[in-house]
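Read the structure below first, then the notes.
A quick note: this is a predicted structure, and the numbers were derived from the prediction, not measured. First the proteins, then the strands, lettered A, B, ... as listed; each starts at 1.
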Number of protein chains: 2
Amino acid sequence: MDNNDRSNLNQRISVDCVIFGFDFEKLNVLLIKRKSPENGRLNQFSLPGDLIFETENLEQAAIRVLHDLTGLKDIFLEQLGAFSVDRHSNEEDRIWLRAVREQPEAHVITVAYYALVNLTSFELKPAYFASSASWQPIDEINSLAFGHMNILNNAHKQLRTKLKIQPIGFNLLPEKFTLSQLHKLYEVIVGKALDKRNFRRKLIKLQIVKKLDEKQVDVPHKPSNFYAFNTENYRKLVEDGFDNFGF
Amino acid sequence: MDNNDRSNLNQRISVDCVIFGFDFEKLNVLLIKRKSPENGRLNQFSLPGDLIFETENLEQAAIRVLHDLTGLKDIFLEQLGAFSVDRHSNEEDRIWLRAVREQPEAHVITVAYYALVNLTSFELKPAYFASSASWQPIDEINSLAFGHMNILNNAHKQLRTKLKIQPIGFNLLPEKFTLSQLHKLYEVIVGKALDKRNFRRKLIKLQIVKKLDEKQVDVPHKPSNFYAFNTENYRKLVEDGFDNFGF
DNA sequence: AATATTAAATGTCAATATGACACTAAGATA
DNA sequence: TATCTTAGTGTCATATTGACATTTAATATT
């Protein structure tokens with residue numbers, strides 16, 4: 001910090017959330033659409049986010065946005081970083097900002113978070129956001145408002161990188177899952193085929209999952225056993241200096 | 001971003017830089033001290049930083065702070081993330097802020113960056129900062145102003161993590177270095193002894209350094225060969241999907 | 001000139017981890 | 001009872017890791 005204060009600066013801080021959800025087939029992101037202030041039509045998709053309140057810190061703001069949208073608390077949430085919002089890039093964004101903000105020319109930075117949820121385990125909250133919120137397959141998202149595409153790409157990369165080092169993928173699954181579901185999750189996020197037997201071998205060696213006494217029912221094939229993440233063993237691994245999942 | 005604008009919000013954005021320097025023995029951080037507005041004495045150390053200008057984005061601000069302090073450009077710089085600054089934590093911080101800021105109660109977030117430099121390759125710039133800037137061994141830093149200790153700890157952790165995955169350590173050395181220097185650097189940052197022969201074996205296998213036709217002179221022992229980072233080979237490795245240094 | 005001192009440079013072997021590969025098992029359905 | 005579908009399992013060859021001690025090349029000392 002510098003000695004010169006510049007009180008005429010006009011700055012705003014927002015948070016935006018990249019909410020990942022896995023439906024056992026593909027990776028999805030929760031996006032919202034807003035009505036255009038000009039013609040009332042829904043315009044481009046964007047990431048859910050909000051300006052931060054005077055009374056909250058960054059993480060609290062992210063948790064609030066997340067909770068308002070999903071009704072969920074205590075979900076995996078991690079900061080991606082701060083992004084300068086280019087106010088002059090996109091005509092449509094400028095129109096929207098002029099209509100909606102009292103100070104459309106304020107210098108905005110946004111702090112992005114990414115969250116991991118199991119999208120089959122809850123309904124989107126029927127709140128103010130809901131009518132315009134929907135899960136979109138990440139592979140089909142080509143453009144977003146407000147430079148959010150850049151944030152999304154960063155989040156996707158971070159998810160891939162982090163998944164290879166820490167077992168955060170479990171946050172995208174329900175408490176009970178099959179090894180096939182976990183295997184599929186890794187293939188989808190890492191982006192390449194992983195040998196089934198080698199994948200299971202590694203999980204067993206690390207003792208990072210525990211086998212439950214419960215199987216799939218009503219499936220027209222051999223039922224899969226359910227497993228749960230072994231929090232306790234993972235904690236021990238980390239204590240012993242384990243720091244690389246290695247997929 | 002939300003539809004409700006809150007123009008009475010009073011927000012400031014600053015950048016703070018954790019500048020790491022390696023002196024071939026230990027890891028150091030460039031810190032500054034300011035004069036207390038109350039008694040004119042130098043007070044606690046803090047990270048170099050500044051409020052961001054209206055005309056620059058976050059990274060430009062970090063580059064500016066870095067350049068003002070070191071005179072260096074084109075150095076390794078990466079964002080750590082955004083931190084909420086707790087305005088009410090520390091009595092000394094509050095006194096300083098009240099004296100120096102026109103709006104001492106503004107809600108401040110700071111975006112932290114970390115930079116890697118070879119501290120033997122330049123002199124601190126004799127600019128406005130200089131008289132109060134100095135390198136401090138990271139192991140001897142116990143407290144900093146403005147919650148900067150939290151940022152420093154984050155930066156240290158990130159450096160350790162990243163070093164194990166990407167060869168960023170070369171940024172802490174001069175262009176020509178010996179393998180012993182590199183070895184020492186890894187030991188200091190990773191925080192444990194690494195077998196010399198195994199360390200060299202890995203470097204040779206990856207072909208990530210190239211042997212130069214030049215040796216140490218005037219050393220009272222067998223002179224060490226100089227090496228340089230092999231940018232080209234590293235680029236190829238990354239293209240082929242290499243993503244883990246594995247130390 | 002001979003010797004001491006210091007850090008540099010180098011190879012092997014056993015243990016572990018990885019990658020590639022194909023068949024049998026268990027349930028539902030026709 | 002046959003068929004369909006996905007679950008579940010083992011081996012072997014190769015690559016990687018971790019542990020370990022001696023020789024070399026320069027300066028400094030006597």
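Under the side-chain hydrogen bond (donor to acceptor under 3.5 Å, both in side chains) criterion, the residue pairs touching residues 231-240 of chain B are E232(B)-R235(B), R235(B)-E239(B), with sequence neighbours excluded. Counting only residues at least two apart or on different chains, the side-chain hydrogen bond (donor to acceptor under 3.5 Å, both in side chains) pairs with a member in residues 18-28 of chain A are D23(A)-K26(A), D23(A)-N28(A). Residue pairs meeting the salt bridge (Lys or Arg N to Asp or Glu O under 4.0 Å) criterion with at least one partner in residues 190-210 of chain B, sequence neighbours excluded, are absent. Under the salt bridge (Lys or Arg N to Asp or Glu O under 4.0 Å) criterion, the residue pairs touching residues 153-178 of chain B are D243(A)-K164(B), E78(B)-K162(B), K176(B)-E214(B), with sequence neighbours excluded.
S46(A) and Q44(A) share no side-chain donor-acceptor pair at under 3.5 Å.
Distance, K192(B) NZ to dG18(D) C1': 11 Å, rounded to whole Å. Rounded to an integer number of Å, the gap from D195(B) CG to dA21(D) P is 11 Å. Between the C1' atom of dA25(D) and the CG atom of D218(B) lies a distance of 14 Å, rounded to the nearest Å. Between L203(B) atom CG and dT17(D) atom C1' the separation is 15 Å, expressed in whole Å.
The side chain to side chain contact (heavy atoms under 4.5 Å, CB included) search around N57(B) returns S84(A), E59(B), Q60(B), not counting sequence neighbours. Qualifying ring-ring contact (aromatic ring centres under 6.0 Å, His included) partners for F45(A), counting only residues two or more places apart in sequence or in other chains: none. For A82(A), the side chain to side chain contact (heavy atoms under 4.5 Å, CB included) test picks out I109(A), V111(A), L58(B), Q79(B), A82(B), V111(B), with sequence neighbours left out.
Residue contacts shown for V219(A) are limited to sugar-phosphate atoms, with no base heavy atom under 4.0 Å away.
The nucleotide range of DNA chain C contacted by chain B, defined by atoms under 4.0 angstrom from heavy atoms of the protein and reported 5' to 3', is dT6(C) to dT12(C).
For the pair K215(A) and K205(A), both in contact range of DNA chain C, the more 5′-proximal nearest nucleotide belongs to K205(A).
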Give the B/S/- string for nucleotides 1-9 of chain D, one per nucleotide from 5' to 3', where a protein heavy atom under 4.0 Å of the base yields B, of only the sugar-phosphate yields S, and otherwise -. ----BBBBB
